[in-house]
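All heavy atoms count here, side chains included; hydrogens, waters and symmetry mates do not. In this chain, numbering begins with 1 at the start of the sequence shown.
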Amino acid sequence: MTFSIQGIAVARGIAIGRAVLMASGRHDVAHYFIEPEQIEAEIDRVRVGRNAVVEEINRLQQTIAGMGPKEAPHELAALLDVHLMLLQDEELIEGVKHWIRERLYNAEWALTTQLEMLSRQFDEMEDEYLRERKADLEQVAERILRYMKGGSPVAHPPPTKRKTQQDLLLDDSVDVPLVMIAHDLSPADMLQFKQSVFAGFVTDVGGKTSHTAIVARSMDIPAVVGARSASQLVRQDDWVIIDGDTGVMIVDPSPIILAEYGFKQRQAELERGRLSRLRHTPAVTLDGQKIELLANIELPEDAVGAVQAGAVGVGLFRSEFLFMGRQGNLPDEEEQYLAYRRAVEGMQGLPVTIRTIDVGADKPLDDSRRDDAHLNPALGLRAIRWCLSEPEMFRTQLRAVLRAAAHGKVNLLIPMLAHGSEIRQTLSLVDFARAELDNRGVAYGPVQVGAMIEIPAAALGVRSFLRYFDFLSIGTNDLIQYTLAIDRADESVAHLYDPCHPAVLHLVADTIAQCRALGKPVSVCGEMAGDVVFTRLLLGLGLRSFSMHPAQILAVKQEVLRADAARLEAWAAQVLQAEDPAAMLERA
């Protein structure tokens, strides 16, 4: 039966494919396709893991057999019996084999997929005792995965082939596009999908500018977040359509609906083709204003895509993604230096702005470091506050950035500053890092040092910032969050997250004006920069440097080429004074 689920649109486009459910237990497993000749080896990996768990349970049973009822109550023995029974369940074993043989899933993916299928069956059982056995099943699967961990390394999965609408309707083979359905995806999870088999994703939670959404846009794949119960309503292998333009997911679509969305896909591809012709066209307004269109990237390898998209530099390299998902094993100076150097060299002489590590709130380093101890992590020890509390780690990063600057133009960007004491301490550590490299006789290059304006206190005190820094970058995502007291990752208040709020627009406009008055460069690197709805307004406010995801550059460039910046100034001033700025933007 066809039904739809409404969420929040965060990354444009249409994805059509089969659903892959991330197991509710949030198993940390890789998803990749294997070659046909690897099938038996993958099945054997699961068999070995299962046998190891069976042996472990048998040993435990022998141990408790010699204990008294106080040391080993009867319930413990019964629990082990249940686990042993589940391990030998044919539906579990045959199901895993099916996903490996028929879909060429890797062993871990096959196991978690079958676990999800069986978990749904347990949820539908009327008997309460049987329903509760779902937890036992998850524990069994976790133990098998634990034994399998450390096996063959994860291969880079091949990209999925694009299929025509007729292919989708008729072909049920392995290379049908897949879409991920999950309760939530951390930024570290998202990194795994950069080269993955997934053509789009939907999550139950999240907001329009949560970092999961931001990375989705950088990957240029359709995505919907805040879809509430999507992961509970969709079943493994269901056909689904993700409409990233309207925030709708359609489950089990009819042939007519499939045909309609297939047409929309083709239209979007034609539009991409038209925009691609602008790649080498300079971004200059009708009245001759040169506009700098920069790229936001997460990994050094993203530099290639930035150049291909026509970016004239990197306005924001989110260095924290080098640190995520490493279970506390943070990159050392040499590893960071080589990563930053790859990004610098990948930009082929164009400037690269590296933001120092910005973790906390919705960007924990890994799952083990989620800040659940504080009521509001977004207001806690994050970004520069965390760096200043870990000066040795921070100096390591600063030295790596300075060394990378010997290979090209590098700017250093500091996030979440609010206090003069933080500014002075940060700049002192930059000088300290230079001195450490001098003492070691290690080469490094000059860097321009800038600050993120993303806290209202920073925007209101921008003149003092300009006394210390070479340039400023407005991070509109956090600026909106902190100005309006809205958690941007919380779908329950997502409707209150408003880039058009007069208070937000005034803070942005004043920051741009102050920088222009003092001749200091300023850019916007938040989501507003890549949203064509705001391009003309920002031009009218005097912004001449935009930094966005590479996938958004050509659409923004098209708006720039059609704009007369001088004429937009008076209109932008009217928008700032309007009671309802959003309505004026819609009519423009």
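In this structure, the side chains of Glu40 and Ile43 come closer than 4.5 Å at one or more pairs of heavy atoms. Side chains of Glu422 and Leu388 form a contact here, defined as non-hydrogen atoms less than 4.5 Å apart. Taking 4.5 Å as the limit, some side-chain heavy atom of Leu379 sits within range of a side-chain heavy atom of Tyr482. Residues Glu292 and Arg544 fail the side-chain proximity criterion, which asks for heavy atoms closer than 4.5 Å. The closest side-chain heavy-atom distance from Ile455 to Leu479 is not below 4.5 Å. Looking at heavy atoms from C-beta onward, Ile357 lies in side-chain contact with Cys387 at the 4.5 angstrom threshold. Side-chain contact between Phe317 and Val401 is absent, with no heavy-atom pair separated by less than 4.5 Å. A heavy-atom distance below 4.5 Å is found between the side chains of Leu381 and Ser389.
Closest approach of His31 and Val20 over heavy atoms only: CD2-CG1, 4.3 Å. Closest approach of Cys515 and Leu466 over heavy atoms only: SG-CD2, 3.9 Å. The minimum heavy-atom distance linking Ala309 with Leu554 is given by the pair O-CD2, 3.8 Å.
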Would Val314 and Leu350 count as a side-chain contact (heavy atoms from CB on, under 4.5 Å) here? Give the steps.
CA-CA 8 Å; Val314 169; Leu350 298 171; over 6 Å; no
Check the pair Arg47, Asn51 against side-chain contact (heavy atoms from CB on, under 4.5 Å), reporting the backbone distance first and the verdict last.
CA-CA 6 Å; Arg47 185 184 299 116; Asn51 290 344; 3.7 Å; yes
Please report the C-alpha distance between Val202 and Ile242 in whole Å, then the side-chain angles of each, then the deciding distance to 0.1 Å, and finally whether the side-chain contact (heavy atoms from CB on, under 4.5 Å) criterion is met.
CA-CA 8 Å; Val202 174; Ile242 298 175; 3.6 Å; yes
Pair Ile553-Phe546, side-chain contact (heavy atoms from CB on, under 4.5 Å): steps then yes or no
CA-CA 9 Å; Ile553 287 175; Phe546 297 67; over 6 Å; no
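In this structure, Asp332 contributes its side chain and Glu335 its backbone to a donor-acceptor pair below 3.5 Å. Put simply, the side chain of Ser473 never gets that close to the backbone of Met452: no donor and acceptor are under 3.5 Å apart. The closest donor-acceptor contact from the side chain of Lys290 to the backbone of Pro282 lies at 3.5 Å or more, if one exists at all. No donor-acceptor pair under 3.5 Å is formed between the side chain of Asp470 and the backbone N or O of Gly450. Checked by atom type and distance alone, the side chain of Gln336 pairs as donor or acceptor with a backbone atom of Pro331 at under 3.5 Å. Side-chain atoms of Ser428 never come within 3.5 Å of backbone atoms of Arg424 as a donor-acceptor pair (strictly under, hydrogens ignored). Under a 3.5 Å cut-off, the side chain of Lys557 and the backbone N or O of Leu293 do not form any donor-acceptor pair.
Rounded to the nearest 0.5 angstrom, Asn477 CG and Met528 CE are separated by 10.0 Å. Taken from OG in Ser545 to CG in Leu472, the straight-line distance is 11.5 Å, to the nearest 0.5 Å. Considering CZ of Phe198 and CD1 of Ile221, their distance stands at 9.5 Å, rounded to 0.5 Å.
Taking the six-membered ring where tryptophan is involved, the planes of Phe33 and Trp109 are tilted, since the angle between them lies from 30° to 60°.
Annotation: salt bridge (charged side-chain N to carboxylate O under 4.0 Å, His left out) contacts of Arg279 (sequence neighbours excluded): none. Listed by chain and residue number, nothing satisfies the salt bridge (charged side-chain N to carboxylate O under 4.0 Å, His left out) test with Arg50 (two or more places apart in sequence, or in another chain).
Using a cut-off of 4.0 Å between Lys/Arg side-chain N and Asp/Glu carboxylate O, Arg403 and Glu334 are scored as salt-bridged. Using a cutoff of 4.0 Å between basic side-chain nitrogens and carboxylate oxygens, Arg45 and Glu42 are scored as salt-bridged.
Using modelled atom types and a 3.5 Å distance limit, the side chains of Glu527 and His549 yield a donor-acceptor pair. Residues Asn439 and Glu436 have side chains that never bring a donor and an acceptor to within less than 3.5 angstrom of each other. At a cut-off of 3.5 Å, with distance as the only test, no side-chain donor of Tyr444 or Arg399 sits close to an acceptor on the other residue. A donor atom on one side chain and an acceptor atom on the other are found under 3.5 Å apart for Tyr340 and Gln397.
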Which side-chain N or O atoms in residues 407-417 pair as donor and acceptor under 3.5 Å with protein atoms at least two apart or in another chain?
unit_1	atom_1	unit_2	atom_2	d
His407	NE2	Tyr337	OH	2.8
Asn411	ND2	Thr353	OG1	3.2

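Residues Trp386 and Phe394 place their aromatic rings such that the two centres sit no closer than 6.0 Å.
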